[in-house]
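Because the structure is predicted, anything quoted here is derived from the model rather than measured. What you see below is based on every heavy atom in this structure, not just the backbone, and it leaves out hydrogens, waters and symmetry mates.
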Amino acid sequence: NVYAPAERWPLHAEFAVFVSARFHAVSDLVAAIALPNKPPKDVAEMATLLSSQNRWIQGEEPLLSRTTRSYRISSLPDMDKAVVHLQAQLRERMLPALDGCRTIEDFDRALNPPPGMSSFFNGYQGGKENIVAAYLAGNPNLEALCQRYDPRVGGGRPDPGVQGCIDYVRSHPLAEKRGGEAQ
C-alpha cells in the first residue's frame, strides 16, 4: 500500500492573494501593440499592475510558508487566524499602495521605481506595461527602460510584444506629458 493512513498525511490547504490593478490607457495601448489580433473583450480585463502576496506580506505569522509566503492551513481555527492576519496586511500595506496608484505618474512610479526604491508591483513578464507607463507618463528614463527590457539587447528571449512596445514608443514621441486618473 503506497498510501499512508489519512491521519498521518500532512493534510492542509494553501492560499495566497494576488492583487492587480488596471490603468486603461496603459493596458489598452499594450494590447493594441502586443496583441493586435485579440478581440477587445479578450483584453478588457488585462491588468497593468500585478503583485503576488510574497511581495507585500509581512510578519512571522506561523501559518505563512517561509518560502512562498502563502498561508498554509490545516483547520478552521487556522483559517480564522490567517484571515485576521491577511485583513491586517491588506489594510496596513496593500490598500495604501493601491490608493497611491491613481494617475499615470503613480502607475509609472509603481512599475518603474526610482533607483534604491522598491515597489510591491510589477507588470507582466517582459516589461511591456513598464515601458508604456513610462512613455505615457513622460518618464525621462524611458530610453534606459527600453534598453533594460529590450530582448534584442543582451540576447534575451525574443518577445515580439516587448519589441513592439519599444519600437512604438521610440517612433511615436509624445508632444507633451499626458496624465489622468486610473479607471
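Sorted by first and then second residue, the pairs that involve residues 39-50 and meet side-chain hydrogen bond (donor to acceptor under 3.5 Å, both in side chains), not counting sequence neighbours, are Ser27-Thr48. Applying the salt bridge (Lys or Arg N to Asp or Glu O under 4.0 Å) test to pairs two or more places apart or on separate chains, none has a residue in residues 79-92. Residue pairs meeting the salt bridge (Lys or Arg N to Asp or Glu O under 4.0 Å) criterion with at least one partner in residues 122-140, sequence neighbours excluded, are absent.
Grouped by direct or indirect side-chain proximity (heavy atoms under 4.5 Å, Ile/Leu/Val/Met/Phe/Trp/Tyr only), Leu50 sits with Phe18, Tyr124. Membership of an apolar cluster is not assigned to Met117, as no side-chain contact below 4.5 Å to another ILVMFWY residue is traced.
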Using a 3.5 Å cut-off and no angle test, enumerate the donor-acceptor pairs between side-chain atoms of residues 160-167 and protein atoms at least two apart in sequence or in another chain.
from   : atom 1 : to     : atom 2 : distance (Å)
Gln163 : OE1    : Asp159 : N      : 3.4
Asp167 : OD1    : Arg152 : NH1    : 3.3
Asp167 : OD1    : Arg152 : NH2    : 3.0
Asp167 : OD2    : Arg152 : NH1    : 3.3

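Considering only heavy atoms from C-beta on, Tyr168 stays 4.5 Å or farther from Ile131 through its side chain. Leu63 places none of its side-chain heavy atoms less than 4.5 Å from the side chain of Arg72. Between Ile57 and Leu64, the closest side-chain pair of non-hydrogen atoms falls below 4.5 Å. You'll find the side chain of Val26 stays beyond 4.5 Å of the side chain of Met46, heavy atoms only. No side-chain heavy atom of Val19 sits under 4.5 Å from any side-chain heavy atom of Gln53. At least one side-chain heavy atom of Leu98 sits under 4.5 Å from a side-chain heavy atom of Phe121. Within the 4.5 Å cutoff, no side-chain heavy atoms of Leu136 are placed close to those of Phe107.
What you find for Trp56 and Ser52 is that their closest heavy atoms are CD1-O, 3.2 Å. Closest approach of Phe120 and Arg55 over heavy atoms only: O-NE, 2.8 Å. Between Phe23 and Arg102 the shortest heavy-atom distance is CE1-O, 3.8 Å. Between Gly123 and Leu111 the shortest heavy-atom distance is N-CD2, 3.3 Å. The minimum heavy-atom distance between Asp108 and Ala134, with the atom names listed, is OD1-CA, 3.3 Å.
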Between Leu90 and Gln87, is a side-chain contact (heavy atoms from CB on, under 4.5 Å) present by the stated rule, with each step listed? CA-CA 5 Å; Leu90 287 167; Gln87 286 175 326; 5.7 Å; no
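The structure places CG of Asn122 at 8.5 Å from CG of Leu49, a figure rounded to the nearest 0.5 Å. Residue Asn139 holds its CG atom at 10.5 Å from CG of Asn130, rounded to the nearest 0.5 Å. For the atom pair CD of Gln147 and CG of Asn141, the computed distance is 12.5 Å after rounding to the nearest 0.5 Å.
Hydrophobic clustering (ILVMFWY, side-chain heavy atoms < 4.5 Å, transitive): Val84 and Met79 are in distinct clusters.
In this view, Arg69 satisfies the salt bridge (Lys or Arg N to Asp or Glu O under 4.0 Å) rule with no residue, not counting sequence neighbours. Taking the ring-ring contact (aromatic ring centres under 6.0 Å, His included) definition, one finds that Tyr71 meets it with Phe15, His85, sequence neighbours left out. The side-chain hydrogen bond (donor to acceptor under 3.5 Å, both in side chains) search around Glu14 returns His12, Ser70, not counting sequence neighbours. By the salt bridge (Lys or Arg N to Asp or Glu O under 4.0 Å) test, Arg170 is found to be paired with Glu143, Asp150, residues two or more places apart in sequence or in another chain being considered. Asp106 pairs by the side-chain hydrogen bond (donor to acceptor under 3.5 Å, both in side chains) definition with Thr103, Arg109, not counting sequence neighbours. Partners of Ser20 by side-chain hydrogen bond (donor to acceptor under 3.5 Å, both in side chains), not counting sequence neighbours: none found.
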